[in-house]
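Residue numbers start at 1 and run along the sequence shown.
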Amino acid sequence: MRPHAVHAVIAVKSLDRAKSRLADRLRPEHRARLVLAMLADTVTATAAVAEIVSVTVVTPDPAVADMARTLGADVHPEPRQSQAEGLNTALAATAAALRDAHGPVDLLALQADLPALRPEELSGMLAAAPRGLRSIVIDHEGNGTAALVVRDPIAALDPRFGPGSARSHIDAGAVDLTGDWPGLRLDVDTPADLDRAVALGAGNATRAVLRDIGWPSGVHEHVPHVC
């Protein structure tokens with residue numbers, strides 16, 4: 001095992017519950033396709049980072065699990081009935097299972113909807129995260145958590161995702177990482193977020209779905225996105 005290797009965990013809820021804040025712009029089947037595409041771009045970027053030796057997707061949804069496996073990710077099941085707190089429980093359980101399998105390793109929990117994420121952003125964030133501590137990357141809105149990293153092979157992941165998660169993580173001792181990582185910070189919940197991701201340079205899978213479903217903002221323009 002490489003020293004300071006990182007194992008990443010990404011949680012995805014059931015597709016029929018995903019992205020409700022896009023419901024006024026996208027039909028349910030289009031939202032489901034978009035969730036899978038954004039997951040594909042997030043996993044692809046994450047797996048391209050040398051320090052990250054595994055990516056595990058925790059989900060109750062078989063379509064999400066199938067997509068994750070086609071991308072080379074591992075899959076950890078989550079009970080379908082899990083709600084917001086259940087998601088944190090599932091992340092913590094998956095992190096514990098990774099340490100059971102691989103020993104004392106560093107951990108990274110990421111949002112699943114980071115379509116403009118670049119591998120170099122993750123590499124820079126991991127380099128900036130202080131050893132022996134838990135750190136977070138606050139999302140573009142300033143109150144959520146885009147990433148939680150534990151550069152301590154013993155400390156628990158202790159995820160606190162949900163409303164106000166940035167403050168909750170910081171109050172629990174996490175360090176706020178302040179690097180310039182716009183793709184890492186841009187999780188997509190609203191139509192405006194999606195337009196920002198397109199402008200920043202969404203990944204290939206996301207752009208392909210948006211073109212196919214007729215999303216109007218800039219997806220036919222060429223924005224380089226190299227993973």
**Student:** May I have all residue pairs that pass side chain to side chain donor-acceptor pair (under 3.5 Å) and include part of residues 104-115, sequence neighbours excluded?
**Tutor:**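 Side chain to side chain donor-acceptor pair (under 3.5 Å) check on residues 104-115 returns K19-D113, D106-R131, D106-R151.
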**Student:** Enter the distance from S168:OG to D158:CG here, rounded to the nearest 0.5 Å.
**Tutor:**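 One gets 8.0 Å once the value is rounded to the nearest 0.5 Å.
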**Student:** Applying side-chain contact (heavy atoms from CB on, under 4.5 Å), name anything that partners A128, two or more places apart in sequence or on another chain.
**Tutor:**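 Once residues adjacent in sequence are excluded, the partners of A128 under the side-chain contact (heavy atoms from CB on, under 4.5 Å) criterion are W181.
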**Student:** With sequence neighbours left out, what residues match R185 under salt bridge (charged side-chain N to carboxylate O under 4.0 Å, His left out)?
**Tutor:**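 For R185, no residue satisfies salt bridge (charged side-chain N to carboxylate O under 4.0 Å, His left out) once neighbours in sequence are set aside.
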**Student:** Rounded at 0.5 Å granularity, tell me how far CG in D100 sits from NE2 in H102.
**Tutor:**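 One finds 10.0 Å between CG of D100 and NE2 of H102.
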**Student:** For R21, what residues pass the salt bridge (charged side-chain N to carboxylate O under 4.0 Å, His left out) criterion, not counting sequence neighbours?
**Tutor:**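 So R21 forms no salt bridge (charged side-chain N to carboxylate O under 4.0 Å, His left out) with any residue.
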**Student:** Measure the spacing between CZ of R118 and OG of S123 and express it to the nearest 0.5 Å.
**Tutor:**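 The CZ atom of R118 sits 13.5 Å away from the OG atom of S123.
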**Student:** Looking at E121 and G183, would you say the former's side chain and the latter's main chain have a donor-acceptor pair under 3.5 Å?
**Tutor:**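 Checking the backbone N and O of G183 against the side chain of E121, a donor-acceptor pair under 3.5 Å is found.
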**Student:** If the condition is side-chain contact (heavy atoms from CB on, under 4.5 Å), which residues does H30 pass it with, not counting sequence neighbours?
**Tutor:**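 If we apply the side-chain contact (heavy atoms from CB on, under 4.5 Å) test to H30, skipping adjacent residues, the hits are L26, R27, I213.
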**Student:** Heavy atoms only: give me the nearest L133-V175 pair and the separation to one decimal.
**Tutor:**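 It is CD1-CG2, 3.9 Å.
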**Student:** Mind listing the closest non-hydrogen atom pair of A197 and V188 along with its distance?
**Tutor:**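 For A197 versus V188, the nearest heavy atoms are CB-CG2, 4.2 Å.
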**Student:** Holding to side-chain hydrogen bond (donor to acceptor under 3.5 Å, both in side chains), I want the full list of residues that pass it with R31, two or more places apart in sequence or in another chain.
**Tutor:**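 R31 satisfies side-chain hydrogen bond (donor to acceptor under 3.5 Å, both in side chains) with no residue once adjacent residues are dropped.
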**Student:** side-chain hydrogen bond (donor to acceptor under 3.5 Å, both in side chains) with S54: which residues, sequence neighbours excluded?
**Tutor:**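 For S54, the residues satisfying side-chain hydrogen bond (donor to acceptor under 3.5 Å, both in side chains) (neighbours in sequence not counted) are H7.
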**Student:** Can you confirm whether I10 sits close enough to T42 that some side-chain heavy atom of one is under 4.5 Å from a side-chain heavy atom of the other?
**Tutor:**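 A side-chain contact exists here, since the closest heavy-atom pair is under 4.5 Å.
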**Student:** Using the side-chain contact (heavy atoms from CB on, under 4.5 Å) criterion, which residues pair with A205? Sequence neighbours excluded.
**Tutor:**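 Residues passing side-chain contact (heavy atoms from CB on, under 4.5 Å) with A205: A37, A40, D41.
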**Student:** Less than 4.5 Å apart, any side-chain heavy atom of L91 and any of F161?
**Tutor:**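 L91 reaches F161 side chain to side chain.
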**Student:** Is T56 reaching over with its side chain to a backbone N or O of D74, donor-acceptor style, under 3.5 angstrom?
**Tutor:**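 Between the backbone of D74 and the side chain of T56 there is no qualifying donor-acceptor contact (under 3.5 Å).
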**Student:** Looking at OG1 of T70 and CG of L36, how far apart are the two atoms once the value is rounded to the nearest 0.5 Å?
**Tutor:**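 Between T70 OG1 and L36 CG, I get 9.0 Å after rounding to 0.5 Å.
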**Student:** For the pair T59 (side chain) and A65 (backbone), establish whether a donor and an acceptor sit closer than 3.5 Å, ignoring hydrogens and angles.
**Tutor:**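 The answer is no, because no donor-acceptor pair under 3.5 Å joins these two groups.
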**Student:** Is the side chain of T206 donor-acceptor paired with the backbone N or O of G203 at a distance under 3.5 Å, no angle test?
**Tutor:**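 The answer is no, because no donor-acceptor pair under 3.5 Å joins these two groups.
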**Student:** So how far is it from N88 CG to R160 CZ, rounded to the nearest 0.5 Å?
**Tutor:**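 Going from the CG atom of N88 to the CZ atom of R160 covers 9.0 Å.
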**Student:** For residues V149 and I136, determine if any side-chain heavy atom of one lies less than 4.5 Å from a side-chain heavy atom of the other.
**Tutor:**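 No, too far: nothing below the 4.5 Å cut-off.
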**Student:** What distance separates L194 CG from L210 CG, expressed to the nearest 0.5 Å?
**Tutor:**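 These two atoms lie 5.0 Å from each other.
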**Student:** Find out whether D189 and D187 are in side-chain contact, i.e. whether some heavy atom of one side chain is under 4.5 Å from a heavy atom of the other.
**Tutor:**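 They are in side-chain contact.
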**Student:** Do you know which two heavy atoms are closest between A147 and L108, and how far apart they sit?
**Tutor:**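 The pair with the smallest heavy-atom distance is CB-CD1, 4.2 Å.
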**Student:** Under the side-chain contact (heavy atoms from CB on, under 4.5 Å) test, which residues partner A68, sequence neighbours left out?
**Tutor:**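 Applying side-chain contact (heavy atoms from CB on, under 4.5 Å) to A68 gives V57, A73, V75.
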**Student:** D193: which residues meet the salt bridge (charged side-chain N to carboxylate O under 4.0 Å, His left out) condition with it, sequence neighbours left out?
**Tutor:**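 Checked D193 against salt bridge (charged side-chain N to carboxylate O under 4.0 Å, His left out); matches are R196.
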**Student:** Scan T46, T44, V49 and name whichever one has a side chain to side chain contact (heavy atoms under 4.5 Å, CB included) with P119.
**Tutor:**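 Going through the options one by one, the only one that passes is V49.
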**Student:** Is there a side-chain contact between L148 and R134 (heavy atoms, below 4.5 Å)?
**Tutor:**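 A side-chain contact exists here, since the closest heavy-atom pair is under 4.5 Å.
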**Student:** Are side-chain heavy atoms of D195 and W215 found at a separation under 4.5 Å?
**Tutor:**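 When only atoms from C-beta onward are counted, W215 and D195 do touch, with a gap below 4.5 Å.
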**Student:** With the side chain counted from C-beta on, respond yes when V12 and D61 share a heavy-atom pair under 4.5 Å apart, and no when they do not.
**Tutor:**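 V12 vs D61: side chains apart.
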**Student:** Would you name the heavy atoms of A32 and L15 that are closest together and state the gap between them?
**Tutor:**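 Answer, listing the atom of A32 first, then L15: O-CD2, 4.0 Å.
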**Student:** Which heavy atom in A95 sits nearest to a heavy atom in L107, and how many Å separate them?
**Tutor:**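 For A95 versus L107, the nearest heavy atoms are CB-CD1, 3.7 Å.
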**Student:** Only counting residues at least two apart or in another chain, list the ones meeting salt bridge (charged side-chain N to carboxylate O under 4.0 Å, His left out) with D212.
**Tutor:**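 Listed in chain order: R33.
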**Student:** Once salt bridge (Lys or Arg N to Asp or Glu O under 4.0 Å) is applied, what residue pairs with a partner in residues 161-183 remain, sequence neighbours excluded?
**Tutor:**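 Every pair satisfying salt bridge (Lys or Arg N to Asp or Glu O under 4.0 Å) with a residue in residues 161-183: R167-D171.
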**Student:** For R99 and A155, work out which heavy atoms get closest and say how close.
**Tutor:**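 So the two residues come closest at NH1-O, 2.5 Å.
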**Student:** What's the verdict on side chain to side chain contact (heavy atoms under 4.5 Å, CB included) for D139 and T145, showing C-alpha distance, side-chain angles and the deciding distance?
**Tutor:** CA-CA 5 Å; D139 69 11; T145 304; over 6 Å; no
**Student:** Are the side chains of V105 and P153 in contact, using a 4.5 Å heavy-atom criterion?
**Tutor:**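 SC-SC contact between P153 and V105 ruled out.
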